[in-house]
Amino acid sequence: MITNKPLQFRNYKPTHPGLLPYYHQPTNVIGETEKLCQNIVNEARLHTKRITNGEGDLAELVPKKVNWDLKRDVEKKLRNLDEVYQSSINQIILKQQKKQKKKKKKA
């Protein structure tokens with residue numbers, strides 16, 4: 001399959017002058033990441049100042065459901081455990097009914 005993608009040089013600078021228009025400067029990932037981290041830190045400081053000044057609500061910082069991941073991970077195991085639990089209760093009830101029937105037959 002042939003696609004018509006334009007030439008792009010990102011990893012090295014071509015020496016031929018005809019290919020120089022296709023050269024792209026490599027992006028500064030570290031600089032962009034630092035800017036993003038700084039924005040997050042500034043936003044957190046702003047929220048902290050709002051809450052300490054009494055303008056914001058503390059509930060904004062607390063997650064809605066703290067244990068959502070625990071419920072997700074344990075849900076399947078709990079279903080299996082519930083099935084075993086129900087079957088054991090049924091067995092106990094059946095044993096008690098058999099004992100009562102034996103007592104009635106003896107009496």
Side-chain angles (χ1 to χ4, degrees):
M1 183 169 142
I2 299 174
T3 58
N4 294 329
K5 292 183 179 180
L7 270 175
Q8 292 182 356
F9 296 102
R10 293 184 179 153
N11 296 332
Y12 62 95
K13 188 173 183 178
T15 55
H16 191 274
L19 296 175
L20 286 177
Y22 301 108
Y23 174 69
H24 297 284
Q25 290 285 340
T27 58
N28 186 1
V29 176
I30 296 172
E32 291 177 13
T33 306
E34 288 176 356
K35 288 178 186 177
L36 181 63
C37 289
Q38 190 61 38
N39 288 341
I40 292 170
V41 168
N42 289 339
E43 189 174 324
R45 285 183 182 152
L46 177 67
H47 283 296
T48 305
K49 285 180 184 178
R50 282 185 37 213
I51 289 174
T52 55
N53 292 338
E55 298 172 7
D57 186 18
L58 188 60
E60 291 178 5
L61 296 178
V62 179
K64 301 290 182 196
K65 294 183 180 179
V66 181
N67 58 352
W68 68 270
D69 56 339
L70 294 174
K71 287 182 181 178
R72 179 197 64 208
D73 295 340
V74 177
E75 184 176 354
K76 184 177 179 182
K77 293 178 183 178
L78 282 177
R79 271 189 264 132
N80 292 338
L81 183 64
D82 189 45
E83 290 174 9
V84 172
Y85 178 73
Q86 291 297 326
S87 66
S88 62
I89 288 177
N90 289 337
Q91 289 175 359
I92 291 171
I93 291 172
L94 288 174
K95 285 180 182 179
Q96 289 177 351
Q97 288 176 351
K98 285 179 183 179
K99 285 181 183 179
Q100 288 177 357
K101 285 181 182 180
K102 284 183 182 180
K103 285 182 182 178
K104 286 182 181 179
K105 285 183 181 179
K106 287 182 180 179

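Heavy atoms only: backbone and side chains are in, while hydrogens, waters and symmetry mates are out. Only a predicted model underlies this, so the values are computations on that prediction, with no experimental measurement involved.
Side-chain contact check for E43 versus N39: every heavy-atom pair is 4.5 Å or farther apart.
To the nearest 0.5 angstrom, N90 atom CG is 6.5 Å from Q86 atom CD. Note: K99 NZ to Q96 CD = 7.5 Å, rounded to the nearest 0.5 Å. Atom-to-atom distance recorded for C37:SG and N42:CG is 11.0 Å, nearest 0.5 angstrom.
Residues I93 and Y85 share a single hydrophobic cluster, defined by chaining ILVMFWY side chains whose heavy atoms lie under 4.5 Å apart. Linking Ile, Leu, Val, Met, Phe, Trp and Tyr residues whenever their side-chain heavy atoms come within less than 4.5 Å places Y12 and L19 in a single cluster.
The environment of CD in E32 is crowded: more than 12 heavy-atom neighbours from other residues, nucleotides or ligands sit within 6.0 Å. More than 12 heavy atoms of other residues, nucleotides or ligands lie within 6.0 Å of CZ in F9, so this atom counts as buried by the packing criterion.
The ring-ring contact (aromatic ring centres under 6.0 Å, His included) pairs that include a residue from residues 16-46 number zero, where partners must be two or more places apart or lie in different chains.
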